[in-house]
Amino acid sequence: MDELGKFLKSRRARLHPADTALGSYGGRRRVPGLRREELAQLAGVSASYYARLEQGLGQNVSDAVLDSLARALRLDDAERAHLLALARPNRAAASCAARVARQLPDGLQRLMAMMGDVPVMVLSPTSDVLAWNPLARAVFGAHHEDREGDEGHEVRAGHEGLPNMTRMIFLDPPTRALFADWEGKARSVVAHLRMVAARFPADGRVRALVGELLSSGTEFAALWEDHSVANCDSFTNVLRHPQVGELTLFQEVLRTEQPELMVVAFTVEPGSPSETALRLLGALTADRADHRVAVS
């Protein structure tokens, strides 16, 4: 079964006849959620045609069929986009790395440097940290600076030795401990990586990252098999920071002229304890000799 079939099956398993126009079906059911023929009926396609889609045998699926399936499965916007990417894979698409500029625009670097009171970082589609300002580095990466040269320190690195947030969240114990709701954060980053993998199906770095995490013995495999997808533009991070205690940071992704760059800013509630803690961390950061934006 290909990725399209697996995704359709996973979304079908979420629904039950009682939650749809089919009504309640009595008796014992052998499958979780809807049967194939039930979903086909809701989507207005033949059961045999839908079965071929789940078996990876469908080709050139029309927009009308995809729209019908999305409505029947009650997909949100991110899931609809993922369904389209899986149904129309662009095997010739450039890799993530090829789409990301080697040098960040000067204007973006200046903007990050001026946002001294706001943690901000620039991520690649696969969550490699391309740049972060001193406050973002103090929030998410300060413990690594004290471990340079330590055995296992390379756990943070993605391609070309860049820090990688997804790898850190799953494989780096201090980063795991940073997130009070580690399970929620883990689900979020895996859901985003699912979307990236569908957009860049031939990208070797995406496959390598997924393969490494699947074989790492972590909880990644179970989350990956759930087939959840999300763009993760907004997220509330509750952190237990080793220097300033609890921080609640509201994550927002800002769009630029280079859509493959994820500019991620983290804000706090005005007047909150988190604002006080972030200011304290900023004061501690100000004592460092290097105040520049770190560009990988």
Side-chain angles (χ1 to χ4, degrees), residues 76-79 81 104 107-144 156 163-170 172 174-196 223 228-286 291 293-294:
D76 61 24
D77 290 344
E79 291 170 326
L104 295 186
L108 180 55
Q109 294 187 45
R110 288 193 297 269
L111 175 65
M112 294 177 66
M114 294 181 67
M115 296 173 68
D117 296 332
V118 178
V120 58
M121 62 176 68
V122 179
L123 303 180
S124 74
T126 51
S127 75
D128 290 320
V129 181
L130 304 175
W132 46 11
N133 68 359
L135 191 52
R137 186 169 51 188
V139 171
F140 295 102
H143 63 278
H144 287 292
R156 77 179 200 168
N164 182 276
M165 290 303 298
T166 300
R167 296 178 87 248
M168 289 163 61
I169 286 168
F170 277 94
D172 183 48
T175 302
R176 287 178 65 113
L178 185 64
F179 291 91
D181 180 16
W182 180 87
E183 291 81 5
K185 185 64 177 180
R187 284 194 298 270
S188 175
V189 298
V190 173
H192 171 73
L193 185 57
R194 266 279 178 202
M195 295 193 70
V196 172
L223 294 172
S228 294
V229 293
N231 57 31
C232 302
D233 281 359
S234 299
F235 191 83
T236 300
N237 299 275
V238 180
L239 308 179
R240 298 190 182 104
H241 197 275
Q243 291 178 284
V244 297
E246 184 168 302
L247 277 170
T248 299
L249 300 180
F250 303 102
Q251 170 183 313
E252 297 294 336
V253 175
L254 311 179
R255 301 303 178 188
T256 71
E257 292 182 355
Q258 298 185 36
E260 304 308 323
L261 295 179
M262 297 173 58
V263 182
V264 189
F266 301 87
T267 61
V268 294
E269 188 72 30
S272 66
S274 291
E275 182 182 42
T276 302
L278 192 62
R279 285 180 177 175
L280 174 59
L281 187 60
L284 296 173
T285 303
H291 304 289
V293 171

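At a threshold of 4.5 Å between non-hydrogen side-chain atoms, the residues V120 and V264 do not count as touching. At a threshold of 4.5 Å between non-hydrogen side-chain atoms, the residues H241 and L178 count as touching. Side-chain contact between L108 and L261 is present, with at least one heavy-atom pair separated by less than 4.5 Å. Using a 4.5 Å cut-off on side-chain heavy atoms (C-beta onward), L135 and L281 make contact.
The line from NZ of K185 to CG of L239 is 8.5 Å long, rounded to the nearest 0.5 Å. A distance of 10.5 Å separates CG of L254 from CE of M262, quoted to the nearest 0.5 Å. L123 CG to L130 CG: the interatomic distance, rounded to the nearest 0.5 Å, is 7.0 Å. Taking CZ from R194 and CG from L223, the interatomic distance works out to 10.5 Å, rounded to the nearest 0.5 Å. The CG atom of N231 sits 11.0 Å away from the CD atom of E79 when rounded to the nearest 0.5 Å.
Heavy-atom minimum distance, R137 versus W132: CD-NE1, 3.6 Å. The minimum heavy-atom distance linking I169 with R176 is given by the pair O-CG, 2.9 Å. Nearest heavy-atom pair, T248 versus S274, reported as atom, atom and distance to 0.1 Å: N-OG, 2.8 Å. When all heavy atoms are compared, the tightest approach of L278 to V139 is CD1-CG2, 4.1 Å. Considering all non-hydrogen atoms of both residues, M195 and A81 come closest at CE-CB, 4.4 Å. Minimum interatomic distance between N133 and M112 (heavy atoms only, all atoms of both residues): ND2-O, 3.6 Å.
Of the candidates V189, V196, V190, V196 is the only one forming a side-chain contact (heavy atoms from CB on, under 4.5 Å) with H192.
The side-chain contact (heavy atoms from CB on, under 4.5 Å) test applied to E269 returns F250, S272, not counting sequence neighbours.
Under a 3.5 Å cut-off, the side chain of T285 and the backbone N or O of A138 do not form any donor-acceptor pair. Using a distance-only test at 3.5 Å, with no hydrogens or angles considered, a donor-acceptor pair links the side chain of Q251 to the main chain of C232.
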(message) Go through it in stages, so that I can follow the logic: the residues are E183 and R187, the test is salt bridge (Lys or Arg N to Asp or Glu O under 4.0 Å), and I'd like the CA-CA distance, side-chain angles, deciding distance and then a yes or no.
(response) CA-CA 6 Å; E183 291 81 5; R187 284 194 298 270; over 6 Å; no
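Taking the six-membered ring where tryptophan is involved, the planes of F266 and F140 are tilted, since the angle between them lies from 30° to 60°.
Counting non-hydrogen atoms of other residues, nucleotides and ligands closer than 6.0 Å to CG of D181 gives a total above 12.
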